[in-house]
Amino acid sequence: MTNDLATTIATVPDGTGSGSPPADADLATMLLIRHFELALLDLFARGELHGTTHTCLGQEHVPVALAPLLGERDYVFSNHRGHGHYIARFGDPAGLLAEIMGREGAVCNGVGGSQHIFRDRYLSTGVQGESLPVAAGVALHLKRHEPGALALTYIGDGTWGEGAVYEALNMAALWRLPLLVVVEHNGIAQSTATDANMAGTIGARAAAFGIAHMRVESISPAEIRTVAGPLVDKVRHGAPLVLEFVTNRLGPHSKGDDTRTDAELRRVRAADWHAVYREAPGFAEADSLAAAQVAQLVDEVSARQPAVWSTA
Amino acid sequence: MNGRPVRVVENLNHALHESMLADSRLYVLGEDIADPYGGAFKATRGLSQANPDRVITTPISENGIVGVAAGLAMAGDAAIVEIMFGDFAGLAFDQLLNFASKSVSMYGRPHPMRLVVRCPSGGSRGYGPTHSQTLLKHFIGIPGLSLFEMSPFHDNRAVLAHMLGLGEPCVFIEDKVLYTRRMAGDGQVDDLFDYGFLGAGDTAPAHVYTEAHGDVDCLIIAPGGMAERALAAMRDLLLRHEISCRLVVPSRLYPVETDALLDAARHAAHVCVVEESTAGGTWGAEVAHVLHERLWGRLRRPVRLVHSADSVIPTAVHLEREILVQADTIVEAVLADLRGEGSPV
Ligand SMILES: Cc1ncc(C[n+]2csc(CCOP(=O)(O)OP(=O)(O)O)c2C)c(N)n1
Ligand SMILES: [Mg+2]
């Protein structure tokens with residue numbers, strides 16, 4: 001029975017006194033992402049950014065937890081809500097901010113913007129679900145030419161409405177591809193709650209393909225690595241995995257478009273890792289440090305010349 | 001008969017075999033392409049036997065398999081996808097439009113994508129409305145996407161190698177009727193017509209003529225799948241009406257082969273662009289626009305578009321004939337143009 005592969009492991013939320021706060025380096029990255037995203041919303045509010053952006057406020061711990069489980073040869077496919085994914089992988093907020101602001105030093109010369117980033121083995125696209133078949137193709141390449149490496153793709157809960165997701169899961173299972181699907185299940189897609197979008201569950205959908213599934217509720221990077229690490233290793237040997245994080249979208253979908261009730265927003269804010277860990281020793285200092293670092297970055301990047309796109 | 005040119009599908013099959021032999025990083029993906037079946041039109045016959053690891057017969061997931069192929073291309077491999085019936089390329093449109101073609105440039109620096117999506121296309125086989133279309137027009141004007149069409153004049157070995165070498169995704173239209181025809185050979189089409197190429201290079205447009213140089217009454221521009229019908233029309237026009245025509249068959253349909261077509265058009269009083277697509281937003285309209293911009297005032301009349309009717313493609317043979325462009329449709333269009341009549345569309 002291939003379905004024996006499927007496991008659903010729930011871990012308890014942290015912040016109930018059981019888990020310890022993130023290690024310094026993890027906390028520093030989580031806070032860097034947090035302040036980066038806050039700065040973007042601020043820039044938009046002041047009319048200094050145009051276009052759109054989707055912040056990952058509330059979800060910062062997910063890519064931070066996964067970063068050390070990945071190697072340089074692994075591919076990461078990101079989506080519209082990808083700033084945290086990028087910063088956790090490269091620690092390069094300047095290149096990303098320059099990209100978003102269309103300034104010199106932009107990772108993609110200002111062509112891609114917030115949702116279309118390509119650097120080394122990291123790639124994002126703005127069309128929901130589109131990256132899954134592509135990631136499956138890359139995973140096929142890796143399986144043949146670089147065994148041991150994997151392709152990770154981040155998707156949201158709402159993206160499970162796209163047929164491309166199932167076509168890719170089917171092929172990944174059939175061909176035993178090293179594909180890791182990380183789901184950031186924040187309970188909402190733009191304005192639509194998951195229960196109005198999705199029949200059944202993500203776990204059951206993965207099980208239908210005989211694909212392992214793990215549901216993670218923890219916000220502690222260390223704890224997440226402990227439970228997810230062994231399954232990620234199996235992905236490298238051709239056992240695809242759906243790793244579902246129960247998380248919260250703290251901010252608006254993009255810039256000011258939040259239609260959730262006050263009660264819902266209160267719940268989301270109380271569950272936020274920033275609120276949960278704020279009393280921990282050293283947190284306040286780390287928080288102001290990250291805030292200052294980002295403020296300086298914004299000043300520095302804003303002063304740069306416009307990005308130049310040479311198509312030659 | 002030994003000296004006879006091979007059938008087009010055999011030439012295509014050889015092309016696929018040779019491409020895989022030449023490039024150990026080339027994959028071929030598609031539905032039912034593995035042996036012994038060898039694909040719905042047998043283009044991939046023997047391919048999976050020769051390359052068991054790199055010929056992948058897939059689930060019925062056009063969007064998914066074009067995505068997988070794009071992923072392979074992204075990672076530095078090359079991929080050819082067979083869409084069983086070109087009509088189903090609609091299901092893969094997002095991957096072609098928003099990922100594969102865009103990836104060539106949208107990340108701010110050029111990224112090569114070696115990807116060819118093969119689309120068996122066209123009617124006259126009674127397959128009905130969803131298995132007979134030529135989707136050509138839907139793929140025109142997408143940055144980073146080139147369109148080619150199979151022709152009896154262009155060796156598929158060279159065309160395939162060229163498309164894979166471009167570094168940007170290509171859609172390859174293959175008229176299904178052409179599979180069973182023979183490749184042209186030795187510069188001669190039949191007792192009346194010879195052929196050659198407008199320029200060097202394996203994918204230069206072919207031209208078919210009674211005389212290679214000098215002026216003709218009408219230039220016909222048509223993709224490979226329409227060549228046979230265009231030739232039948234040219235024969236009729238010459239023998240029954242004493243109207244001289246020259247035919248140009250480009251291998252690359254988009255971007256339009258501007259220079260070669262302009263040169264050819266300068267030697268004709270009338271120009272017709274013939275294709276099997278149904279009416280509206282056609283390839284011919286794009287070609288006509290290119291010619292009008294440069295030759296307005298020199299052409300005796302506007303470029304005439306000849307295409308199938310604005311209709312679904314019916315199944316019954318007599319109904320299908322009425323909708324699709326036939327040799328007579330072309331003859332009538334050329335005669336009308338020479339009489340100075342306006343185009344019916
Ligand atoms: C194919 C497609 N349809 C619609 C959109 C517009 N859109 C962008 S994000 C989004 C919601 C996605 O929800 P989810 O997958 O839950 O991710 P989240 O935004 O919650 O992180 C929508 C509808 C899109 N980008 N792509
Ligand atoms: Mg969501």
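Note that the structure is a prediction, hence the values are computed from the model and not measured. Labels below follow one simple rule: chain letters A, B, ... track the order of the sequence lines, proteins then strands, and each chain is numbered from 1.
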Side-chain heavy atoms of His145(A) within contact of Asp77(B), under 4.5 Å: yes

Largest heavy-atom contact set with chain B, pairs under 4.5 Å, which of His116(A), Glu99(A), Arg144(A), Glu130(A): Glu130(A)

Non-hydrogen side-chain atoms of Ile65(B) and Met171(A) separated by less than 4.5 Å: yes

Contact origin within Leu91(B) toward chain A - heavy atom pairs under 4.5 Å: neither

Part of Val165(A) lying under 4.5 Å from any heavy atom of chain B: neither

4.5 Å side-chain heavy-atom contact, Gln95(B) and Pro133(A): yes

For chain B, the option from Val134(A), Val111(A), Asn109(A) that forms the most heavy-atom pairs under 4.5 Å: Val134(A)

Arg45(B) CZ: over 12 foreign heavy atoms closer than 6.0 Å: no

Residue Lys234(A) excluded, over 12 heavy atoms near NZ under 6.0 Å: no

Part of Ser103(B) within contact of chain A (heavy atom distance under 4.5 Å): neither

His141(A) vs Arg25(B) side-chain heavy atoms within contact, under 4.5 Å: yes

Flag side-chain contact, heavy atom, 4.5 Å: Leu72(B) against Val138(A): no

Least distance between heavy atoms, Arg109(B) atom then Cys108(A) atom: NH1-CA, 4.4 Å

CZ on Phe77(A) to CE on Met74(B), rounded to 0.5 Å: 7.0 Å

Pairs of heavy atoms under 4.5 Å with chain B: top-ranked of Leu123(A), Leu174(A), Leu132(A), Asn170(A): Leu123(A)

Closest non-hydrogen atom pair between Tyr107(B) and Thr125(A), with its separation: OH-CG2, 3.3 Å

Among Val66(B), Ile60(B), Leu29(B), Ile56(B), residue most engaged with chain A (heavy-atom pairs, under 4.5 Å): Ile56(B)

